[in-house]
Amino acid sequence: MREASVPAFRFELTHQCAASGARAGVLHTPHGAVETPVYMPVGTQAVVKAMTSREMKEIGAQIVLANTYHLHLRPGADLIRKAGGLHGFMAWDRPILTDSGGFQVFSLAGLRKITEEGVRFRNHLDGSQMDMGPEESVRIQEMLGADIIMAFDVCSAWPCDETTARDAMERTHRWAMRCKAAHQRNGQALFGIVQGGFSETLRAQSARALREMDFPGYGIGGLSVGEPKGVMYRMLDALMPEMPAAKPRYLMGVGTPDCLLEGILRGVDMFDCVLATRIARNGTVLTGEGRLVVRNARYKEDLRPLEEGCDCEACQHYSRAYIRHLIKAGEITGARLCSIHNLRYLERLMQGARQAILKDRFPAFREAFYDRFDMRGAFNRGEEME
RNA sequence: GUGGGUGUAGUUCAGUGGUUAGAGCGCCAGAUUGUGGCUCUGGAAGUCGUGGGUUCAACUCCCAUCACCCACC
């Protein structure tokens, strides 16, 4: 018997920009609505590093990620289920998305063996052996209780020959079917994941295959793994026409501010990325003018905020000189303030994008971003290889 | 005053006759895209206390001297 009290997952496409492929919508979940396009902060271990759930709310985060592999290893899904699922465990009453552990299969290469059945890991904490497959991943994700869960997929590397990419893609499709068959939890949405390496043909083929399986939403995986940005954009261009308009599209692991806008331009609704919080902990922040390495000596006596006009706690109360001092001194609060700023920066960027879409002015918004944002340096990765 | 010890990179120290003297930390910079990351990579930096001497060759051995430390008068 169905639990009528659990609202079903639903995506509402609110508006499509008349001047581009950019979309604005709303994800309706058991824990409330998420306005898209959305950047989802990553909280691998049931915490966005250095942040409390209350602070995440103050920043305006609508939804956060957690990771099946990491939480299964420690502290274990049983404990989290007993604690009221991830929502209860981490005191976060807004939506949560869990990644399946598929990406860990990829990033822990060398410590694992993949077969059709699943993956055998040597876990990175104590080296002991563990198995994970589509059914196991879904079972754990049901216990964790996120609003959106991801299929257990096979991610191929960059560069990658077409045969390897095709094998990974086809296995991803078979595993997607198995995830769907295994998934039972009411109200929780299971997203399939598009793979296909760096072949436009395979990407389109993967999107079609997933569409036929009829998932409530679709991840786009296997991108932003080191390829030039132009390659990633070509893959998006190739697969997007095959994606059902009525379902949300989630570009996994992206990214930098410019990549977010390029994704939105091409019709992506959801993103996640560790970049903002990771670079924050190493003393780098994002601003409308580009990246600012506040750790650098040039900011030693700079009493201005990280970014003029930013409404975040760091910018409202503290100077670059102070935050640099904290970072240099290894003080935790330095990492916290940079994280708060970067998360708030991306939140504001996405809000701006959404407003522009609703006014059919997304291309102009994107142009205005590039006019100010300094793309020199790291954010140019791979472009010279084009 | 006597005896002993120590003086080498910003700092703490390795280096005891043989190429352009090393390390940790610090400093400077770079990296970071579904987090194995308070991480990783690279760089700058020393007339080896000073002055003599021995030697083909001295951070290294000898003498003097200065500074600091310890012990004893």
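Residue numbers begin at 1 in each chain, while the letters A, B, ... track the order of the sequences.
- Taking the six-membered ring for Trp and thresholds of 30 and 60 degrees, A:H87 and A:H31 have nearly parallel ring planes, at less than 30 degrees apart.
- Distance, A:D99 CG to B:U35 C1': 11 Å, rounded to whole Å.
- Comparing the same atom, C1', in B:A71 and in B:A9 gives a spacing of 32 Å after rounding to whole Å.
- Of the C1' atoms belonging to B:U55 and B:U60, the separation is 13 Å, rounded to the nearest Å.
- B:C27 sits 29 Å from B:C69 when the P atoms are compared, rounded to a whole Å.
- Comparing B:G36, B:G34, B:U32 against the side chain of A:H124 picks out B:G36 as the nearest.
- Taking atom CZ on A:F103 and atom P on B:U35, their separation rounds to 6 Å, with Å as the unit.
- A:Q195 comes within contact range of at least one nucleobase, with a heavy-atom separation under 4.0 Å.
- Across all strands, A:G219 comes closer than 4.0 Å to no nucleic acid atom at all (heavy-atom distances).
- Base pairing analysis places B:G18 opposite B:C56; the two distances defining the Watson-Crick or G-U wobble pair are each below 3.5 Å.
- Look at the P atom in both B:C62 and B:U16: the space between them is 15 Å, to the nearest Å.
- Nucleic acid contact for A:D272: sugar-phosphate only, since backbone atoms but no base atoms lie under 4.0 Å from a heavy atom of the residue.
- Contacts of A:N123 with the nucleic acid, taken as non-hydrogen atoms under 4.0 Å apart, are absent.
- Looking at heavy-atom distances under 4.0 Å, A:L65 makes contact with sugar-phosphate atoms alone, never a base.
- Defined by atom type and a distance below 3.5 Å, a donor-acceptor pair is present between the side-chain atoms of A:S137 and A:Q141.
- A:K49 places its NZ atom 9 Å from the P atom of B:G36, with the value rounded to the nearest Å.
- Distance noted for atom P between B:C61 and B:G1: 27 Å (whole Å).
- Protein atom CG of A:L337 is 15 Å distant from nucleotide atom C1' of B:C38, rounded to whole Å.
- Salt-bridge annotation for A:E117 and A:R178: present, with a side-chain N of the basic residue lying under 4.0 Å from a carboxylate O of the acidic one.
- For A:K180 and A:F215, the positive end sits near the middle of the six-membered ring, less than 6.0 Å away and at most 45° from its axis.
- Among the heavy atoms of the strands, none lies under 4.0 Å from A:A335.
- Comparing B:G36, B:A29, B:U33 against the side chain of A:S107 picks out B:G36 as the nearest.
- Of the nucleotides present, B:G5 is the one that pairs with B:C68 by Watson-Crick or G-U wobble criteria, both distances under 3.5 Å.
- Taking atom C1' in both B:C13 and B:U39, one finds a spacing of 26 Å when rounded to whole Å.
- When the P atom is used for both B:C38 and B:U33, the distance is 14 Å, rounded to whole Å.
- Electrostatic pairing of A:K57 and A:D93 counts as a salt bridge here, judged by a charged N lying under 4.0 Å from a carboxylate O.
- Rounding to whole angstrom units, CZ of residue A:R281 and P of B:U35 are separated by 12 Å.
- Using atom P as the reference point in both B:G46 and B:G10, the two lie 7 Å apart (nearest Å).
- For the pair A:R211 and A:Y218, the cation-pi test (distance below 6.0 Å, angle within 45°) is failed.
- When heavy atoms are screened at a 4.0 angstrom cut-off, A:K328 is found touching the sugar-phosphate backbone but no base atom.
- Counting to the nearest Å, the P atom of B:G34 and the CG atom of A:L190 are 21 Å from each other.
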